[in-house]
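Each remark here refers to the structure printed beneath this line.
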Amino acid sequence: MPDAAVVCCARCGWHQALKQVMPATREYFDCSSCGSTQPVQVVRKDGHALRSYDVVAIQKKAQELNAQATSRRKAACLSHRKVHLLEQMSRQAERRLQQQQQSNERWPGWERIAKEETREREGAEAAEPPQTRSRTNRRVRASSSTAGQDSPEREAAEASAPQQPRSGTNRRAQPSAGGATSQRNEAKPVNEQWIAASYCPVSYFDGDGPNLGADGCTAAFRGTVYKMCSVEAMNKFLEEPENFLPQFGGFCAMSVANGQLVPVDPTHFKIVNNKLYLFSKSPEDNKAAFEANEADILKRAEEKWDAGAFGSR
């Protein structure tokens, strides 16, 4: 009977059964898996060489060893893939958490701010007087009807019509009766020095104010960005901004009554009838002078502010 033994490829680890194994040390065999030529080394298990005259049993033993090696490789590969997938999921979750934290730190309540700005634009469009819209529509209809006439008929109508002075010339010659109203509706100046100081307008109405605002907590109103000390203060400001902004554009109330726009000390203020008034400290304490005659000074300041009769120092 032929001699058979189980040999293992040193390159790929594949087991196979060889028949008529010679005891010579220089005997080689060709691996049926990778095709490389390897020296014959009989596999030993439990201290005994897997060598026998039963060729069928040796072939089954080689198949069992190959099956065990394949299952071990698959298990190792699956474990490696699971570990890689878990690490990737952990990195993605950590990255999303960092991005969310950075977004919250930069723009807290940005959705509410966007909604408030959209609501302000819609309110401004709805507040347009209906008479203005009707006059515009009438001009458009009149211009379209005039453009639809034939040119000879239009020239005849213009020649037969009496010559009248242009209404535009008369308007320029006559003094404007609404001059004060138009001047009152012009944009008022804003104290950029007080805005740059970064004090929260809402904090003036708290018991321990004023407090400085944060860079990441801001609210915009009429093109100006104000810093808020907290998200709660920002929400209050967005609901009714005009109730928290200082009167007279943030300039010294006493100086406005005297016809001047003077910078203020942001911590020198007074609340009168739920309205914020700021004052300057140098060269004199205007707050003390204001408190001596509040009603008269406020009346003069409002008249000066409405008329725009003030200068700068």
Any idea which heavy atoms bring [X] and [Y] closest together, and the distance?
X: N191; Y: G250; answer: ND2-O, 2.9 Å
X: C229; Y: C200; answer: N-SG, 3.5 Å
X: S203; Y: N211; answer: OG-N, 2.9 Å
X: A233; Y: M228; answer: O-SD, 4.2 Å

Relative to each other, are the rings of F244 and F205 parallel, tilted or perpendicular (30° and 60° limits)?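 Perpendicular, since the angle between the ring planes exceeds 60°.
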Which residues share a side-chain hydrogen bond (donor to acceptor under 3.5 Å, both in side chains) with Q247, sequence neighbours left out: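 In terms of side-chain hydrogen bond (donor to acceptor under 3.5 Å, both in side chains), with neighbours along the sequence ignored, Q247 is linked to no residue.
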side-chain hydrogen bond (donor to acceptor under 3.5 Å, both in side chains) partners for Y204, two or more places apart: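 In terms of side-chain hydrogen bond (donor to acceptor under 3.5 Å, both in side chains), with neighbours along the sequence ignored, Y204 is linked to W194.
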Going hydrophobic residue to hydrophobic residue with side-chain gaps under 4.5 angstrom, can you get from W14 over to V7?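 Cluster IDs for W14 and V7 differ.
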Got a sec: does the CD of Q92 have more than 12 other heavy atoms crowding it under 6.0 Å?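 Atom CD in Q92 is crowded, with more than 12 foreign heavy atoms closer than 6.0 Å.
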Hey, is NZ on K60 packed in by over 12 heavy atoms from elsewhere, all under 6.0 Å?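 Not more than 12 within 6.0 Å, no.
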Please answer whether the main-chain N or O of [Y] pairs with a side-chain N or O of [X] as donor and acceptor at a distance below 3.5 Å.
X: S90; Y: L86; result: no
X: K188; Y: W305; result: yes
X: N293; Y: A289; result: no
X: Q193; Y: V264; result: yes

Calculate, to the nearest 0.5 Å, the distance between atoms CD and CZ belonging to Q98 and R95 respectively.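 Answer for the CD-CZ pair, Q98 versus R95, is 8.5 Å.
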Hey, what do you get for CG (L278) to OG (S255), rounding to the nearest 0.5 Å?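 It comes to 11.5 Å.
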Show me the side-chain donor-acceptor pairs of residues 266-276 shorter than 3.5 Å, one per line, residues at least two apart or across chains.
residue : atom : partner : partner atom : Å
T267    : OG1  : D265    : OD1          : 3.0
H268    : NE2  : D285    : OD1          : 2.6
K270    : NZ   : E294    : OE2          : 2.3

Test: salt bridge (charged side-chain N to carboxylate O under 4.0 Å, His left out). Region: residues 193-209. Which pairs qualify, not counting sequence neighbours?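 Every candidate salt bridge (charged side-chain N to carboxylate O under 4.0 Å, His left out) pair involving residues 193-209 fails, so no pair, neighbours aside, qualifies.
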Output, in order, the C-alpha distance, side-chain angles, deciding distance and verdict of side chain to side chain contact (heavy atoms under 4.5 Å, CB included) for I195 and Y226. CA-CA 7 Å; I195 297 175; Y226 301 91; 4.1 Å; yes
Is [Y] close to [X] at the side-chain level, that is, under 4.5 Å between some pair of heavy atoms?
X: K304; Y: F248; result: no
X: C252; Y: K287; result: no
X: F251; Y: Q260; result: no

Show the numbers, then the answer: is there a side chain to side chain contact (heavy atoms under 4.5 Å, CB included) between L212 and K227? CA-CA 8 Å; L212 290 173; K227 293 184 179 181; over 6 Å; no
Residues forming a salt bridge (charged side-chain N to carboxylate O under 4.0 Å, His left out) with E122, sequence neighbours excluded: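 None.
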For R300, enumerate each residue passing the side chain to side chain contact (heavy atoms under 4.5 Å, CB included) test, keeping only those at least two apart in sequence or located in another chain.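 R300 satisfies side chain to side chain contact (heavy atoms under 4.5 Å, CB included) with A257, N258, D296, I297 only.
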Going through the distances and angles, do Q68 and H15 end up as a side chain to side chain contact (heavy atoms under 4.5 Å, CB included)? CA-CA 11 Å; Q68 294 175 3; H15 297 83; over 6 Å; no
